[in-house]
Structure formats: C-alpha cells, structure tokens
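A short worksheet on the structure shown next.
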Amino acid sequence: MPGIVIVGVQWGDEGKGKATDLLGERTDWVVKFNGGNNAGHTVVVGDEKYALHLLPSGILSPGVTPVIGNGVVIDLEVLFSELEALSARGIDISRLKVSANAHIITQYHRTLDKVTERFLGKRNIGTTGRGIGPAYADKINRVGIRVQDLFDENILRQKVDGALDQKNHLLVKVFNRRAVTVDEIVEELLVYAERLRPMVADTGHLIAEALGRGEVVVFEGGQATMLDIDHGTYPFVTSSTATAAGAASGSGVGPGSLDRIVGIVKAYTTRVGSGPFPTELFDEQGEWLRKQGFEFGTTTGRPRRVGWYDAPITRYATRINGITDLVLTKLDILTGLEQVPVCVAYDVDGVRFDEVPVNQTEFHHATPILEYFPGWSEDISTARTFEDLPQSAQDYVLALEKMSNTRISVIGVGPERDQVIVRHDLLD
Ligand code: IMP
C-alpha cells in the first residue's frame, strides 16, 4: 500500500509535519503536487530547525527522494536560495527531482499578485503576495512558462513574448507600473537553467516506477481543502487543487495509485487571509487560543484568525478527499478549558444547516451551533496511548471522530516528533 496522500482539512497550517514525521524512515519519496512558496513549514531534525516554503520536507531525510511535481509553480530564486541554505548546512540536495512540466513564477507574477490585491481594496483575498495566482492564471490561459522552456532559448523568448503581450498593457495602463522587457525576463530565468538541468525529469514516470517497485510515496498537499480552487471558499482560496485529487493530476500518476488519504485537522480552527470562517473568535478566548497555539504565519508572520473546531468542515473534507485517516493535531492546546466548544451545525438566517452550505452567501452568513464538551486540566503532553488521556479528552476525541465519518488514527499532544498517540498505523 505505497501511495499515501496528506492533505489539510481546514484552511491550512494544521501541522502536516506530524504525519510526514510519523511515516519518517519508511518513506521513500515525498512529492509536492500543488502550490508553490506560499506554503511554510518548520521542520525540526535533532537540534536543527529548518523553515521550508517551496521544497518538499523530504529534502531533509537522506533516504528520501524529494519531487516537485508538475502541479507546482516554482519561483526559481526561492528554489535556489532554499537549496543553497540547506547545502550550506550540510544537507545533500542532489536527490531533488523537478518536473519538466512545472510552471515558473516570474517577477511579473509577483508584481501582478501585489497590485491586484491593492486594486481589490477591501475585497482582497489576503494572498501571500508570492505570485501564485497569476502564475496559475497564465498556466490556464496557456501563456505560462514551464521548466522545460528554459532549455531552448528560442522557445523561451517566444513564450515570454507571448506572456508579456497583454500583461504590459495591463501593467502600464491599468496598474501604472513600468513595462517589462522580454530580455530582462529571459536573462533572469536563464541564470538558473544550467543548475536546474540535472534535477529536471519526467517525474510522473519516476514515481510510477517507484510505486511499481512497492516503494512508499508520500504526496504532500500544500494549503488545504477549504483553500482548494474548486472545493474551498471561493474566491477566498488559493489557485491550485489542494485536495487529494490534485495528488494524481499534480504529479502525473493515476488516482488508483492513491491508497491512503490522510487528512490533517487541528483540534480547533485557524485561517490566514480573508473569507468566511463561521467559528471565528473575536474575543479574549480567541486571543488565548492564538497565544496558546502560537498561531502566527510561518511565511508571512501574520497573526492567524482562530476559532473552535468545525465538525461539518471535517465531514465535508472527508467526503471531498475520500479521507481514510485523520491526524488530529494540537489537542494539548485546549488543555485548561473548562468546556470545549465544537461547532456541530450552522445557523443561516434562522435555518439549521448540518452540512457546509453549497451557496457561498449562506456560508458567509453561517453562525456556529455549538455543543459543549467537558474540558480537562491535566497535562496531556506526555500521553502516548489513548488511555493515557484524561477521560474527558478521550470523550472529546471520540465525539469528533463520530462527527467526522472517519477514524482519528493519530493524535498530536505537543510540538515534538514523539508527542503523538498512534491509534492506527498510517501504513497498515
Ligand atoms: P495565495 O496562495 O498566495 O494566492 O493566497 C490565497 C489564500 O490562501 C490566502 O488567503 C492565503 O492566506 C492562503 N494561503 C496560501 N498558502 C497558505 C498556507 O500555507 N497556509 C495557510 N493559508 C495559506
């Protein structure tokens, strides 16, 4: 059972590292299949701490082949600065494979991301400003630049010319910015071509061969279900497929290769950027949760919006992704609450909704119907079996499990790698 997908259930930052850590040495390949350097995760190996934005976490494990799949958008400057920083710290970066079909983020994508947000004013998405949306827009508009284009200067020049055709009008006439020349972009990209060349491969083929040999391939999803371009809270979403289906299309393997779908869900909810968030807290309980959970963005440093656990969202994510196992993270953060609120349904203008409403306006108007579970005050950070947890914490987990329509296989009780309770092995 070698193909394992890891996806976020909520709006990102659920702590996917807990699952990748658990699979640890049993992993042979880690594939990033969507997004770009809008993600951010801190990986701790021994006493060393690494902040990665673009590279798959597998780059830090000597036995793993990390892959940047075709569904990713790559900012080459970021790619090489992350690689150089790791190399300087003694990490072997030579195993990285990059899909020839992945798209490239250029300076005009970053510029367009920022000016578009500014023009949107109070309707802005709250993007990370890394050029993600404009790069995917070019991909869909068929004016994107792909990794393979870097190895044929003639083609590259033609493609950049095509990409800039309309954009320069937009930049100059609408956004009051300077025009960008083909030469400057081509020059900027070609700087990386020779360093990139040895990493470039038909990654879909490599992954298929690995799966055929029975190796363990982990498909690491960036962002999360509620930020997915199709299934998230559109338009307040990222521009890629952040759900499990994206693991197939974003890495070039058939959906039948995805044997296990692991959803990562926090014991409460957070969100960065704009958009609906029914359980959001604006009071001192929210402040408390943000502080306890240290909820500040890894990429942007922005304080995250925080709220209670939202059961309909987990149920929705279970359905959309076909989740087989949940990893419930940060349960320890809730320690000390007398009562733990859980959103079990929504009230939308006086009507009860048990599931996430398909209509965006209704979701914007949704307020949570909360159920209260008895809290616990004991330190749970040393619990290593389910039975080590206080009864009320056990009951809370069992209640969430029942509401989610899938099993909670792993529970995180602290930031360290070993601070987990494994109820079902993710590889069994
Ligand atoms: P973009 O991905 O930069 O276009 O941003 C679109 C939305 O996704 C914004 O609300 C971002 O805050 C959010 N977003 C993007 N990446 C992440 C992430 O890794 N964690 C949480 N939110 C994210």
Side-chain angles (χ1 to χ4, degrees), residues 6-20 32-43 51-57 71-75 78 82 103 105-106 108-120 122-140 220-243 246 250 263-266 268-277 280 290 293-307 313 317 329-330 360 363-364:
I6 295 177
V7 288
V9 162
Q10 299 148 319
W11 280 281
D13 309 307
E14 293 92 350
K16 298 185 197 91
K18 267 277 180 267
T20 32
K32 179 180 169 87
F33 63 81
N34 74 305
N37 56 315
N38 47 347
H41 37 265
T42 308
V43 188
L52 300 176
H53 296 287
L54 173 59
L55 288 167
S57 60
V72 174
V73 285
I74 305 174
D75 186 322
V78 174
E82 283 195 3
H103 280 247
I105 300 177
T106 66
Y108 50 81
H109 296 122
R110 289 189 296 265
T111 305
L112 284 169
D113 195 357
K114 288 179 193 138
V115 289
T116 309
E117 281 284 275
R118 219 171 297 146
F119 263 63
L120 281 170
K122 62 179 187 338
R123 287 177 293 122
N124 75 12
I125 312 289
T127 72
T128 57
R130 306 295 199 259
I132 307 293
Y136 278 115
D138 275 5
K139 172 177 173 173
I140 301 300
E220 205 175 57
Q223 293 75 51
T225 305
M226 300 308 280
L227 288 172
D228 180 273
I229 185 75
D230 284 280
H231 304 291
T233 48
Y234 191 89
F236 303 102
V237 292
T238 192
S239 299
S240 67
T241 300
T243 42
I264 318 298
V265 63
K266 217 156 19 188
Y268 52 97
T269 313
T270 62
R271 169 162 210 174
V272 186
S274 321
F277 180 179
E280 183 166 15
R290 186 176 298 112
F294 199 71
E295 296 297 348
F296 299 89
T298 323
T299 298
T300 59
R302 289 185 279 184
R304 296 181 184 137
R305 299 161 66 191
V306 294
I313 282 182
T329 59
K330 291 188 143 180
Q360 186 71 10
F363 199 49
H364 268 275

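None of these values were measured; they are calculated from a predicted model. We count ligands from 1, going down the list as the structure has it; atoms in each ligand are counted the same way.
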Test of proximity, V237 against ligand 1: N or O pairs below 3.5 Å: no
For the residue pair Y234 and F236, is the inter-centroid distance of their aromatic rings smaller than 6.0 Å? no
Here the pair of heavy atoms bringing A224 nearest to V9 is CB-N, 4.3 Å
Does ligand 1 have any atom that is closer than 4.0 Å to a heavy atom of R304? no
Which atoms of ligand 1 sit under 4.0 Å from any heavy atom of W11? 21 (C), 22 (N)
Side chain or backbone, does Q223 bring an N or O within less than 3.5 Å of an N or O on ligand 1? yes
Ligand 1-proximal atoms of F236, by part, heavy-atom distance under 4.0 Å: neither
Side chain, backbone, both or neither: which part of R305 comes within less than 4.0 Å of ligand 1 when only heavy atoms are counted? neither
For the pair E280 and R305, find out whether any cationic side-chain nitrogen is under 4.0 Å from an anionic carboxylate oxygen. yes
Using distance alone, determine whether R130 and ligand 1 share an N or O pair under 3.5 Å. no
Taking atom types as modelled, is there a side-chain donor on Q10 or Y268 under 3.5 Å from an acceptor on the other? no
Could you pull out all residues at least two apart from D113 that satisfy side chain to side chain contact (heavy atoms under 4.5 Å, CB included)? E117, T127, P134
When you compare the side chain of T233 with that of R271, does any pair of heavy atoms fall below 4.5 Å? yes
Considering only NZ, NE, NH1 and NH2 on the basic side and carboxylate oxygens on the acidic side, decide whether D13 and R304 come within less than 4.0 Å. yes
Just to verify, what does T238 make a side chain to side chain donor-acceptor pair (under 3.5 Å) with, not counting sequence neighbours? N38
Among N124, D113, D13, closest by any non-hydrogen atom to atom 20 (N) of ligand 1: D13
Show which atoms of ligand 1 fall inside a sub-4.0 Å distance from at least one heavy-atom site of R302. 12 (O)
List every atom of ligand 1 that sits less than 4.0 Å from any heavy atom of G126, numbering the atoms from 1 in the order shown and giving each element. 9 (C), 10 (O), 11 (C), 12 (O)
Given N38, T238, I229, L227, which has its nearest heavy atom closest to atom 14 (N) of ligand 1? L227
Looking only at heavy atoms of S239, does any of them come nearer than 4.0 Å to an atom of ligand 1? no
With atoms numbered from 1 as shown, which atoms in ligand 1 lie under 4.0 angstrom from a non-hydrogen atom of V272? 10 (O), 12 (O)
Under 4.0 Å from a heavy atom of A39: which atoms of ligand 1 are those, numbered in the order shown and with their elements? 19 (O)
Could you tell me the separation between the OG1 atom of T270 and the CD atom of E14, rounded to the nearest 0.5 Å? 7.0 Å
